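Structure record follows, encoded as structure tokens.
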Amino acid sequence: MDVGKLQRQWVDLTSALFREGFLDGQFTQLQQLQDENNPDFVVEVVTLFFDDSERLLNDLCNALNHQLVDFKKVDAFVHQLKGSSASIGAHRLTNVCIPFRGCCEQRNLEGCLRCFQQVKQEYSLLKNKLQGLFGLERQIVAGGGSLPMM
């Protein structure tokens, strides 16, 4: 495929991720840290985020499925997920953690389960969209192009 067309797709997808609230300025700051000495910086940081988030989602699932739910433990997992989401600029995922923490504070199991489903959905959407973005980046570079400046 034409590198110019791939670059336009990349710009459109990146713009949509910001416009739809998936990403915020923190993601832009990550992108600014990437340079020719570390061309995979963003992909590496986000991959670590995905790995950590998968572990946290599994921990949350296990904690919420106990006969007696330890809401402090659940809240600690959600707090960690919220912090790591904010650190990469995952705006929507960060925001769905806020009511989740409120449900933990209120010891509201139904609310926690509902919020957990929202967190899993937002995480899945974000992961799919970022993997698509990174796939476009690989195609652009493989075609001899460079990523457009936003």
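Note that the coordinates shown come from a computational prediction; the quantities given were computed from them, not determined experimentally.
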Heavy-atom closest contact (Phe18 atom, Gly25 atom, distance): CE2-N, 4.3 Å
Leu136 with Leu125, same ILVMFWY side-chain cluster at under 4.5 Å: yes
Side chain to side chain contact (heavy atoms under 4.5 Å, CB included) between Val46 and Phe27, worked out: CA-CA 10 Å; Val46 172; Phe27 189 80; 4.2 Å; yes
Arg8 and Asp12 ion-paired at < 4.0 Å: no
Inter-residue atom distance Asn128.CG - Tyr123.OH, 0.5 Å rounding: 9.5 Å
Taking every non-hydrogen atom, the tightest pair across Asn37 and Pro39: C-CD, 3.6 Å
Leu147 reachable from Leu133 in the ILVMFWY side-chain graph, under 4.5 Å edges: yes
Gap between atom CD1 of Ile140 and atom CD of Glu137 - 0.5 Å precision: 7.0 Å
Any side-chain heavy-atom pair of Gln118 and Cys115 under 4.5 Å: yes
Atom NZ of Lys72 with >12 non-hydrogen neighbours under 6.0 angstrom: no
Stepwise side chain to side chain contact (heavy atoms under 4.5 Å, CB included) check, Gln26 with His91: CA-CA 9 Å; Gln26 185 64 32; His91 184 72; over 6 Å; no
Ser53 to Leu81 - nearest heavy-atom pair and separation: OG-CD1, 3.6 Å
Ser85 side chain near Phe49 side chain, heavy-atom distance below 4.5 Å: yes
Minimum side-chain heavy-atom gap Gln139-Gln7 below 4.5 Å: no
Exceeds 12 heavy-atom contacts within 6.0 angstrom, atom CD of Glu105: no
Identified side chain to side chain contact (heavy atoms under 4.5 Å, CB included) partner of Val45 from the options Ile88, Asp40, Leu33: Ile88
Nearest-0.5 Å distance that lies between atom CG in Leu60 and atom SG in Cys104: 8.0 Å
Leu109 and Phe71, any side-chain heavy atoms less than 4.5 Å apart: yes
Rounded distance [0.5 Å steps], CD in Gln34 versus CD in Gln31: 7.5 Å
Polar side-chain atom of Ser87 near backbone of Ser84 as donor-acceptor pair, under 3.5 Å: yes
Atom pair CZ (Phe77) and CZ (Arg101), whose distance is rounded to the nearest 0.5 Å: 13.0 Å
Flag side-chain contact, heavy atom, 4.5 Å: Val74 against Phe100: yes
Gap separating the CG atom of Asp52 from the OG1 atom of Thr47, nearest 0.5 angstrom: 12.5 Å
Worked check of side chain to side chain contact (heavy atoms under 4.5 Å, CB included) between Arg19 and Leu17: CA-CA 6 Å; Arg19 187 176 55 254; Leu17 289 171; over 6 Å; no
Cluster link Leu56 to Leu113, ILVMFWY, side chain under 4.5 Å: yes
Residue pair Val3 / Gly143: nearest heavy atoms and the distance that separates them: CG2-O, 3.3 Å
Closest non-hydrogen atom pair between Leu30 and Val42, with its separation: O-CG2, 3.6 Å
Heavy-atom closest contact (Gln131 atom, Phe50 atom, distance): CG-CE1, 4.4 Å
Ring-face cation contact, Phe22 with Arg92, 6.0 Å cut, 45° max: yes
Check against side chain to side chain contact (heavy atoms under 4.5 Å, CB included), Leu126 and Leu23: CA-CA 9 Å; Leu126 177 69; Leu23 300 175; 4.1 Å; yes
Ion pair Lys127/Glu122, N-O distance below 4.0 Å: no
Donor-acceptor pair between His79 and Asp75 side chains, under 3.5 angstrom: no
Single-linkage hydrophobic cluster Leu13~Leu130, side-chain heavy atoms < 4.5 angstrom: yes
